Q: 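Before I ask anything, let me first share the structure, which is written out below as structure tokens.
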Amino acid sequence: MNNKQIIIFLGAPGSGKGALSRLCIDGFGWKQLSTGNLCRIHRAEGTALGKQIDFALKSGTLVSDEVIIDIAIQWIDQELKNAPAIILDGFPRTVVQAAGFLQFLDAHYSRDIVAIIELNVPDEEIIKRLSSRLVCSNKLCQAVFSNRTDALRPQSTEKCDFCGALLVQREDDKPKVIAGRLATYHQHRNSLVDFYKNAGYVVHTIDGNRQNKEVFDSFLQCVSNA
Ligand code: AMP
């Protein structure tokens with residue numbers, strides 16, 4: 001492994017990017033950029049940006065590339081100095097964002113510190129996962145639970161195991177929004193993969209439709225070979 005490493009998790013919402021990130025954070029002290037979590041923090045704090053992106057968050061549509069690139073690059077620039085590795089969860093989501101990210105990388109680091117891992121989960125499973133997902137309403141926690149699988153079941157159905165705040169369903173995890181979010185993911189996925197391949201990257205695909213531990217083992221294998 002290089003001294004510094006950046007892992008890009010590519011995958012539909014609900015494909016397990018967050019759960020895998022959690023295992024890397026707890027196991028290795030890596031840091032996770034979740035652009036979705038950052039957007040929700042802005043909204044909860046009622047910042048100007050939070051107000052600007054409120055509609056996109058509710059409706060499950062994408063925030064503008066310009067805004068997201070700004071938020072993400074600022075975070076990466078700051079956190080990569082201190083962490084051995086960082087995970088990009090939910091960024092880049094479009095080719096414009098990927099190009100913005102590579103531009104930053106070329107200016108400050110090198111392209112070979114990046115590994116790209118795609119989590120592959122069938123849409124039917126994604127729909128089940130998202131509709132049964134519960135998240136902590138504390139903006140600084142945002143832990144994810146589910147009543148569908150033992151590994152993610154909260155101790156109390158109402159409260160977060162970590163901070164005790166109320167568990168809620170995300171507005172964009174409601175059935176009528178899920179279909180649009182999945183469609184947006186599929187709309188961008190192929191062009192993103194082509195972009196990465198043209199930039200000289202291998203996109204490693206992992207079967208994400210398994211227990212977290214098995215997914216984590218496959219991930220570790222990919223990263224050590226990357
Ligand atoms: P997530 O938590 O990753 O599912 O993201 C939740 C929402 O945040 C998305 O539906 C978008 O509205 C916004 N968002 C997060 N990341 C991005 C991104 N890279 N590009 C555009 N919008 C994003």
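The structure presented is a predicted model; accordingly, all values stated were derived computationally and were not measured. Atoms within a ligand are numbered from 1 in the order they appear, just like the ligands themselves.
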Q: When hydrophobic residues are tied together by side-chain contacts of less than 4.5 Å, even through go-betweens, does Ile69 share a cluster with Ile86?
A: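 Yes; Ile86 is reachable from Ile69 via cluster members.
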Q: Just do the side-chain contact (heavy atoms from CB on, under 4.5 Å) check on Asn212 and Arg22 with the steps written out, would you?
A: CA-CA 10 Å; Asn212 281 350; Arg22 187 77 258 158; over 6 Å; no
Q: Under 3.5 Å, is there a donor-acceptor pair between the His42 and Thr47 side chains?
A: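 Present: a donor and an acceptor within the cut-off.
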Q: Phe91 to ligand 1: N or O pair under 3.5 Å?
A: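 N/O-N/O distance below 3.5 Å does not exist for this pair.
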Q: Side-chain heavy atoms under 4.5 angstrom apart, residues restricted to Ile, Leu, Val, Met, Phe, Trp, Tyr: same cluster for Leu105 and Val96?
A: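 Linked, Leu105 and Val96 end up in one cluster.
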Q: Looking only at N/O atoms, are Thr61 and ligand 1 under 3.5 Å apart anywhere?
A: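 Yes, Thr61 has an N/O under 3.5 Å of an N/O on ligand 1.
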Q: Please determine if Thr35 has a nitrogen or oxygen closer than 3.5 Å to a nitrogen or oxygen of ligand 1.
A: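 Right, the criterion is met.
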Q: Quick one: does Arg40 get within less than 4.0 Å of ligand 1, heavy atoms only?
A: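 The answer is yes: ligand 1 sits under 4.0 Å from a heavy atom of Arg40.
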Q: Does the Asp65 side chain pair with the main chain of Gln97, one donor and one acceptor, at a distance under 3.5 Å?
A: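 Side chain of Asp65 to backbone of Gln97, a donor-acceptor pair under 3.5 Å: no, none is there.
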Q: Return the orientation label for the His108 and Phe104 ring planes: parallel under 30°, perpendicular over 60°, tilted otherwise.
A: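 His108 and Phe104: tilted rings.
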Q: To the nearest 0.1 Å, how far is atom 22 (N) of ligand 1 from its closest protein heavy atom, and which atom is that?
A: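 Nearest protein contact, heavy atoms only, for atom 22 (N) of ligand 1 is Val63 N, 3.0 Å.
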Q: Could you work out, for atom 8 (O) of ligand 1, the closest of Leu57, Ile69, Val144, Leu38 by heavy-atom distance?
A: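 Looking at heavy atoms only, the winner is Leu57.
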Q: Once you restrict to heavy atoms under 4.0 Å, what part of Arg170 touches ligand 1? Side chain, backbone, both or neither.
A: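 Within the 4.0 Å criterion, Arg170 contacts ligand 1 through side-chain atoms alone.
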Q: Quick check: does Ile68 get an N/O under 3.5 Å from an N/O on ligand 1?
A: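 N/O-N/O distance under 3.5 Å: no.
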Q: For atom 3 (O) of ligand 1, which candidate among Arg43, Arg93, Arg181 provides the closest heavy atom?
A: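 Looking at heavy atoms only, the winner is Arg93.
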Q: Between Gln142 and Asn37, is there a donor-acceptor pair closer than 3.5 Å when you use the side chain of the first and the backbone of the second?
A: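 Yes: the side chain of Gln142 pairs with the backbone of Asn37.
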Q: Is the closest N or O pair between Asp172 and ligand 1 shorter than 3.5 Å?
A: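 No, there is no polar N/O contact under 3.5 Å.
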Q: Show the atoms of ligand 1 that are less than 4.0 angstrom away from any heavy atom in Gln97.
A: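 The atoms of ligand 1 under 4.0 Å from a heavy atom of Gln97 are 18 (C), 19 (N), 20 (N), 21 (C).
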Q: Does Gln78 reach the side chain of Lys31, with side-chain heavy atoms less than 4.5 Å apart?
A: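 They are not in side-chain contact.
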